[in-house]
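Order of appearance sets the numbers: ligands from 1, and atoms from 1 within every ligand. Everything quoted here is computed from the prediction, not taken from an experiment.
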Amino acid sequence: MSDQGAVERESMDYDVVIVGAGPAGLSAAIRLKQLAAEAGSDIAVCVLEKGSEVGAHILSGAVVDPRALNELIPDWKEKGAPLNTPVTEDRFYMLGAGGAVRLPNFFMPPLMSNHGTYAVSLGNVCRWLAAEAEALGVEIYPGFACSDLVFRDDGSVKGVVAGVFGLDREGNPKPDYQPGMELNGKYVFIAEGVRGSLAKKLIARFDLAAGREPQKYGLGMKELWEVRPENHHPGLVTHTMGWPLGMRNGGGSFMYHMEDNLVAVGFVVHLNYSNPYLYPYMEFQRFKHHPLIAPVLEGGRRIAYGARAISEGGLQSLPKLDFPGGVLIGCSAGVINVPRIKGTHNAMKTGMLAAEAAFAAIAAGREGDELTAYEETLRASWVHTDLKRVRNVKPMWSKFGLIGGLSLGGLDMWTNQMFGFSFFGTLKHGKPDYACLKPASECKKIDYPKPDGVLSFDRLTNVAYSATSHEEDEPVHLKLKDASVPISSNLPKYDEPAQRYCPAGVYEVLEDESGKPYFQINHQNCVHCKTCDIKDPAQNIDWQVPQGGEGPNYPNM
Ligand SMILES: Cc1cc2nc3c(=O)[nH]c(=O)nc-3n(C[C@H](O)[C@H](O)[C@H](O)COP(=O)(O)OP(=O)(O)OC[C@H]3O[C@@H](n4cnc5c(N)ncnc54)[C@H](O)[C@@H]3O)c2cc1C
């Protein structure tokens with residue numbers, strides 16, 4: 001029985017059903033098949049992906065630590081995995097409005113070094129992993145959004161509903177209506193990435209976050225640029241902090257020089273900011289005009305844009321990872337190493353560990369119970385060490401601002417890495433991000449410069465570079481629990497911050513002929529970043545999956 005009630009659907013049975021073809025889901029699928037091959041048995045595994053193809057929803061341009069890949073596919077180089085650009089140089093800068101101070105590399109804890117990592121297109125890495133998985137017999141279904149869960153009579157998770165198509169705006173069937181299918185498994189792996197819509201339901205239903213710190217988030221925005229050859233330094237990685245966010249707001253930038261004159265330039269804004277006038281997208285745009293950044297981009301062209309939330313709670317915020325019938329893996333659990341802005345290696349490893357727990361359970365004739373071995377092995381693994389060493393960086397930044405937070409955070413990373421201890425224990429995060437906004441009446445408006453159309457772009461023009469599409473006549477997948485809240489409460493109190501925090505211009509406050517404000521949701525623009533679900537101060541916006549194949553189509557490069 002699903003939460004959507006008694007719709008008649010066909011069903012298919014697998015040993016393991018995996019929701020999401022990101023690094024976590026694909027690594028889990030590969031590991032399951034490897035284990036079966038080693039045992040001389042077989043295991044039926046399917047992976048469901050809401051993007052139109054594998055990689056379509058994965059923001060290109062990342063620096064990846066190959067640690068998990070080395071374990072999963074040790075001969076990945078010979079097999080042609082698209083990790084072609086080793087990182088050759090790391091640079092860290094503190095920015096002021098007109099200048100930059102380079103922080104000496106010896107000042108940074110060794111764990112911050114990118115030695116041995118690769119600047120890659122993460123979308124292409126996922127496409128390659130998907131091909132490896134398919135070669136091992138994994139069934140992968142792109143264009144299939146998992147919109148609901150299926151439960152056994154005992155309350156355990158049995159499967160998911162995927163592939164519902166053809167509903168009109170009011171939710172009524174159109175002529176091309178398809179009710180979708182139930183994909184059932186002995187175990188279901190939730191690998192939806194940050195703030196997954198099914199993960200959110202499961203965390204609430206099974207109270208998986210009980211006793212944990214609230215999850216914290218950032219909004220990451222990225223552009224992919226093709227730059228002039230003379231501005232391109234393959235393997236150069238630059239991180240900045242400071243301007244334009246200032247001393248109190250958390251966040252910073254990254255610039256990764258990849259292959260073929262491609263540079264990924266991105267900006268993260270921590271979503272615990274308090275001024276509702278802050279406009280993350282415009283912070284990113286004005287950042288590109290800084291004298292350290294502009295010369296790299298000048299004469300180049302932006303070829304893609306995208307945005308995605310990033311989990312920042314780390315170790316303190318990890319929920320319980322198993323529930324009856326399945327597990328949370330990857331960033332659905334939240335395994336980003338915040339100061340390194342890296343989660344791919346940890347996401348892959350969680351998938352591999354969950355696969356090992358599920359394979360052993362299935363081999364022992366079990367199904368539908370809790371895979372407690374997964375969390376136990378994770379806590380004994382290098383993922384735990386990776387997250388533990390940096391656990392205080394985010395709470396320190398939140399409490400003490402940029403300078404205090406980073407100095408103490410740096411010291412803490414040093415002592416954790418060198419001596420395995422912290423002077424501070426494990427710090428708490430405090431409030432969830434949605435509770436951090438101050439009333440607009442207590443805050444200053446921020447005057448952002450107009451984009452020049454050369455280095456900086458208005459939001460809607462940039463959204464076109466994410467190749468996002470959604471049908472007009474389908475249920476709006478951004479559900480307001482109470483339709484009156486944006487105008488009756490958020491507007492007077494916070495000047496309705498959704499107008500600004502959404503990096504795709506989905507939310508607008510407009511006026512009718514009589515001058516009365518109304519709230520408009522342009523769901524077609526949604527790039528599936530999930531920021532609205534996280535930051536709305538009334539927690540009134542529920543991000544649900546639209547039909548499969550919609551959303552961004554990040555380029556295959
Ligand atoms: C701006 C930014 C920069 C980053 N830079 C780096 C970096 O340089 N290095 C690094 O290591 N990490 C980086 N990360 C983090 C990295 O992207 C994540 O840690 C990693 O992608 C997590 O993998 P995942 O498989 O858990 O989730 P994801 O990669 O998010 O994959 C989840 C997949 O599930 C699909 N999905 C979600 N819900 C459903 C559903 N209901 N039905 C069907 N399919 C669904 C999605 O479409 C997606 O394809 C960055 C993140 C951001 C936002």
On the ring face of Phe284, is Lys288 found with NZ or CZ under 6.0 Å from the centre and within 45° of the axis?
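The answer is yes; both the distance and angle limits are met.
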
Against the six-membered ring of Phe151, is Arg205 placed for a cation-pi contact (under 6.0 Å from the centre, within 45° of the normal)?
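Because its charged atom sits under 6.0 Å from the ring centre and within 45° of the axis, Arg205 does stack over Phe151.
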
Show the distances, to 0.1 Å, for all pairs joining an N/O atom of ligand 1 and a protein N/O atom that are shorter than 3.5 Å, listing one pair per line.
| residue | atom | partner | partner atom | Å |
| --- | --- | --- | --- | --- |
| ligand 1 | 8 (O) | Val63 | N | 2.8 |
| ligand 1 | 8 (O) | Tyr256 | OH | 3.4 |
| ligand 1 | 9 (N) | Val63 | O | 2.7 |
| ligand 1 | 9 (N) | Ile341 | O | 3.4 |
| ligand 1 | 11 (O) | Gly343 | N | 3.1 |
| ligand 1 | 11 (O) | Thr344 | N | 3.0 |
| ligand 1 | 11 (O) | Thr344 | OG1 | 2.8 |
| ligand 1 | 12 (N) | Gly343 | N | 3.1 |
| ligand 1 | 12 (N) | Thr344 | OG1 | 3.3 |
| ligand 1 | 25 (O) | Pro23 | N | 3.2 |
| ligand 1 | 25 (O) | Ala24 | N | 2.9 |
| ligand 1 | 26 (O) | Cys331 | N | 2.8 |
| ligand 1 | 34 (O) | Ala191 | O | 3.4 |
| ligand 1 | 41 (N) | Cys146 | O | 3.1 |
| ligand 1 | 41 (N) | Glu192 | OE2 | 2.9 |
| ligand 1 | 42 (N) | Cys146 | N | 2.9 |
| ligand 1 | 44 (N) | Lys50 | N | 3.0 |
| ligand 1 | 47 (O) | Glu49 | OE2 | 2.7 |
| ligand 1 | 47 (O) | Lys50 | NZ | 3.3 |
| ligand 1 | 47 (O) | His57 | ND1 | 3.3 |
| ligand 1 | 49 (O) | Glu49 | OE1 | 2.6 |
| ligand 1 | 49 (O) | Glu49 | OE2 | 3.1 |

To check you understand the geometry: which heavy-atom pair defines the closest contact between Asp90 and Met112, and what is its length?
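Looking at all heavy atoms of both residues, the closest pair is OD2-O, 4.2 Å.
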
Between Gln524, His523, His528, which is the residue that forms a side chain to side chain donor-acceptor pair (under 3.5 Å) with His470?
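The option that passes is His528.
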
Counting distance only, does the side-chain N/O of His57 pair as donor-acceptor with the main-chain N or O of Glu550 below 3.5 Å?
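Yes: the side chain of His57 pairs with the backbone of Glu550.
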
When the ring centroid of Trp76 is compared with that of Tyr118, is the distance short of 6.0 Å?
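Yes, close enough.
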
